[in-house]
Every structure is written in C-alpha cells, then in structure tokens.
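Just so you know, ligand 1 is whichever comes first in the structure, and atom 1 is the first atom listed for that ligand. Predicted model only: the values in this text are computed from it and were never measured. Numbering starts at 1 and runs along the sequence shown.
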Amino acid sequence: MSKFLSFASVCALGAAFAFVVAPGHLQSQEAPPAGAPPKSPWVEGSDSRPAEQAYMNIKVFTGLPANRLEFIMKSWKDSLGVQCTFCHIKDEWERDDKEEKETARHMKKMTDAIVATHFDGKREVTCYTCHHGEKKPAKNPPPAAPVKRQPRPVQPGAGL
Ligand code: HEC
Ligand code: HEC
C-alpha cells in the first residue's frame, strides 16, 4: 500500500510539474511553433499611419506612411550589399544597439540635405549613388590596368 501511495504521489508531482512549469518554460523560449510562418517585421500593407505611430522607435522617418518602410529598408539593404542584421538585431528591429543603425540615420539626413540643397529636392542622389552595393564607398578609382604600349613605327629614312 505504501508503495502504491508513493507511486501515486510521484505521478501527481509529475502532473503538477507539467502544468505549472511547462507553459512558463515554453513562453520563455519564444520559439515559434514548428511550421508557423515567420513573424513579419512589417505592418499591414494598408497601414498608412505615420511610421512613428505604427512602429516603436522611429526618429528620421516621422510622417512617412508606415507601409512604405518595407520598401526603404529593402533598398538600404541592397544599396549597401548587406543583410538586415548589419544594422539590426533580428526580430528586435526597434533596438538601437548597433552603431551602424545610428550611422544610417545620419546618412539619411545627409542625403536629404544634399538633395534639398543641390538638386531642388529631386531625389537624384540616393544611398546607392555613393554606395553601389558596398558598405564603404570607394574613395578613389581602381588603379588603371597597365597599358601595353606598341613600339612606335619608324618612318623609313626618318632621322636615320
Ligand atoms: C543600413 C542600416 C539598415 C539596414 C540594412 C536595414 N535597416 Fe531597418 N532600420 C534602420 C534604421 C536607421 C531604422 C530607424 C529609422 C528611424 O529612426 O526613423 C530602421 C527601422 C526599422 C524598423 C522599424 C522598427 C521599429 O519598430 O521602430 C523595422 C521593422 C526594420 N527597420 C526592419 C528592417 C529589415 C527587415 C531590414 C532588411 C530587409 C532592414 N530593416 C534593413 C536601419 C537599417
Ligand atoms: C554622398 C555619398 C553617400 C551617400 C549619399 C550615402 N553614404 Fe553612407 N557612407 C558614405 C561614405 C563615404 C561612408 C564611409 C565612411 C567611412 O569610411 O568611415 C559611408 C558609410 C556608411 C555606413 C557605415 C558603414 C560601415 O561599414 O560601418 C552606413 C551604415 C551608411 N553609410 C549608410 C547609408 C545609407 C542608409 C544611405 C542612404 C540613406 C547612405 N549611406 C548614403 C557615403 C555616402
């Protein structure tokens, strides 16, 4: 009998453990259930509220319709030839831990200023104009390929 009781109490403990601990454990892992679609970073395509209302940490894109941020982020990624995680911590897009993210804000203000001051507000200069798919734009042209010079043809009788 006492053997049976201890077996029962172990079962009860086990069940209690599963109930109390398991859900908390699952939550703290934050892993999406297998087969679930990955969480989108973006607002709904119809969401045209100002970006600062729809997103958590907007400083330079204030007033931009929120549904346009996706296009801009993708073009920044391609303009610099990097992944999103060059500026961001994956899935925690609002965080400012990376220096590159702050540099990008600075670059955005600089590009706006160039456009406003020198191109009548027309978007003639973009990130790509300088970056061309590189993190750091090249400062100088690449060294010219060596030119193989042809010997100059000698005119018969000239100066000989
Ligand atoms: C060159 C750096 C850079 C790259 C690359 C980049 N981002 Fe961003 N991202 C930023 C900056 C800067 C902001 C903040 C803009 C502001 O302050 O208005 C931002 C903001 C965001 C936000 C809004 C977060 C919030 O809630 O405040 C999301 C979402 C986001 N980025 C996703 C992405 C994704 C996804 C990619 C890749 C497709 C990407 N970004 C590529 C620099 C970058
Ligand atoms: C007028 C030219 C020019 C434009 C336009 C420009 N950049 Fe840059 N950017 C540079 C230069 C030059 C550097 C490298 C500075 C250095 O070597 O320290 C740089 C560096 C950066 C870096 C740091 C890269 C690293 O390796 O740490 C980021 C991020 C960046 N730019 C983002 C942008 C974004 C986003 C845009 C568009 C909003 C943009 N830039 C537009 C010239 C430009």
Would you say atom 8 (Fe) of ligand 2 has His131 as a near neighbour, meaning an N/O/S atom of that residue under 2.8 Å away? yes

Which of the listed options, Lys59, Met73, Met56, holds the heavy atom that is closest to atom 16 (C) of ligand 1? Lys59

How close does the nearest protein non-hydrogen atom get to atom 4 (C) of ligand 1, and which residue and atom is it? Cys87 SG, 3.5 Å

Taking atom CD of Glu92 as the centre, report whether more than 12 heavy atoms of other residues, nucleotides or ligands fall under 6.0 Å from it. yes

For Lys139, is the nearest heavy atom under 4.0 Å from an atom of ligand 2? no

List every atom of ligand 1 that sits less than 4.0 Å from any heavy atom of Glu94, numbering the atoms from 1 in the order shown and giving each element. 24 (C), 25 (C), 26 (O), 27 (O)

Is the distance from atom 8 (Fe) of ligand 2 to some N, O or S atom of Thr103 under 2.8 Å? no

With heavy atoms and a 4.0 Å threshold, my read on which part of Glu99 contacts ligand 2 is neither

Can you pull out the closest protein heavy atom to atom 13 (C) of ligand 1? Residue, atom name and distance to 0.1 Å, please. Lys101 CE, 3.4 Å

Please tell me if the side chains of Asp112 and Val60 come closer than 4.5 Å, counting only heavy atoms from C-beta onward. no

Could you check atom 11 (C) of ligand 2 against the protein and tell me its nearest heavy-atom contact, residue, atom and distance included? Pro137 CD, 3.4 Å

For atom 1 (C) of ligand 2, find the nearest protein heavy atom and state the residue, atom name and distance (0.1 Å precision). Cys130 SG, 2.7 Å

Going by the 4.0 angstrom heavy-atom rule, the piece of Phe86 near ligand 1 is neither

Among non-hydrogen protein atoms, atom 17 (O) of ligand 2 lies closest to Lys136 CD, 3.5 Å

For atom 39 (C) of ligand 2, which protein heavy atom lies nearest, and how many Å away is it? Met107 CB, 3.4 Å

Side-chain heavy atoms of Lys135 within contact of Val82, under 4.5 Å: yes

Exactly one of Arg68, Lys108, Glu52, Arg105 clears side-chain contact (heavy atoms from CB on, under 4.5 Å) with Phe61, and that residue is Lys108

Between the side chain of Ser75 and the main-chain N/O of Ile72, is any donor-acceptor distance below 3.5 Å? yes

Is it the case that atom CG in Asp120 sees more than 12 heavy atoms from other parts of the structure closer than 6.0 Å? no

Which protein heavy atom lies closest to atom 15 (C) of ligand 1, and at what distance to 0.1 Å? Phe61 CD1, 3.7 Å

Contact check, side chains of His131 and Pro137, non-hydrogen atoms, under 4.5 Å: yes

Please examine the side chains of Asn57 and Lys101, heavy atoms only from C-beta on, and report whether any two atoms are closer than 4.5 Å. yes

Which atoms form the tightest heavy-atom contact between Gly45 and Asn67, and what is the distance? O-ND2, 2.8 Å

Do Trp93 and Leu69 belong together in a cluster built from hydrophobic side chains that touch within less than 4.5 Å? no

Looking only at distance, does Tyr55 have an N or O less than 3.5 Å from an N or O of ligand 1? no

Gap separating the CG atom of Leu80 from the NE2 atom of His132, nearest 0.5 angstrom: 12.0 Å

Could you tell me whether some N/O pair between Asn57 and ligand 1 is separated by less than 3.5 angstrom? yes

I need the atoms of ligand 2 closer than 4.0 Å to a non-hydrogen atom of Thr111, numbered in the order shown. 5 (C), 37 (C), 38 (C), 41 (C)

Give the atoms of ligand 2, by number and element, whose distance to some non-hydrogen atom of Glu100 is under 4.0 Å. 29 (C)

Cluster check Phe86, Met73: I/L/V/M/F/W/Y, side chain < 4.5 angstrom: no

Would Trp76 and Val125 show up in the same hydrophobic cluster when neighbours are defined by side-chain heavy atoms closer than 4.5 Å? no

Which of the atoms of ligand 2 are close to Thr126, meaning less than 4.0 Å from one of its heavy atoms? 5 (C)

closest protein heavy atom to atom 38 (C) of ligand 1 is Cys84 SG, 2.7 Å

Decide whether the shortest distance between a heavy atom of Thr129 and an atom of ligand 2 is less than 4.0 Å. no

Determine if the distance from atom 35 (C) of ligand 2 to the closest protein heavy atom is below 4.0 Å. yes

Check each atom of ligand 1 against the heavy atoms of Ala104 and keep those under 4.0 Å away; list them by number with element. 1 (C), 2 (C)

Hey, does Gln83 have a side-chain heavy atom less than 4.5 Å from the side chain of Lys77? yes

Tell me: protein heavy atom nearest atom 8 (Fe) of ligand 1, and distance? His88 NE2, 2.0 Å

Tell me which part of Lys108 gets within contact of ligand 1: side chain, backbone, both or neither, using heavy atoms under 4.0 Å. neither

Give me the residue, atom name and distance of the protein heavy atom closest to atom 28 (C) of ligand 1. Trp93 CB, 3.5 Å

With a 4.0 Å heavy-atom cut-off (strictly under), which part of Leu69 contacts ligand 1: side chain, backbone, both or neither? side chain

Taking everything shown except Lys98 itself, do over 12 heavy atoms lie less than 6.0 Å from its NZ? yes

Nearest protein heavy atom to atom 37 (C) of ligand 2, by residue and atom, and its distance? Cys127 SG, 1.8 Å

Atom 24 (C) of ligand 2: which protein heavy atom is closest, and how many Å away? Lys135 O, 3.6 Å

Provide the number and element of each atom of ligand 2 under 4.0 Å from a heavy atom of Leu80. 28 (C), 29 (C), 30 (C), 32 (C)

Contact summary for Val43 and Ala54, nearest pair of heavy atoms: CG1-CB, 3.8 Å

Geometric class of the Tyr55/Trp42 ring pair [parallel <30°, tilted 30-60°, perpendicular >60°]: perpendicular

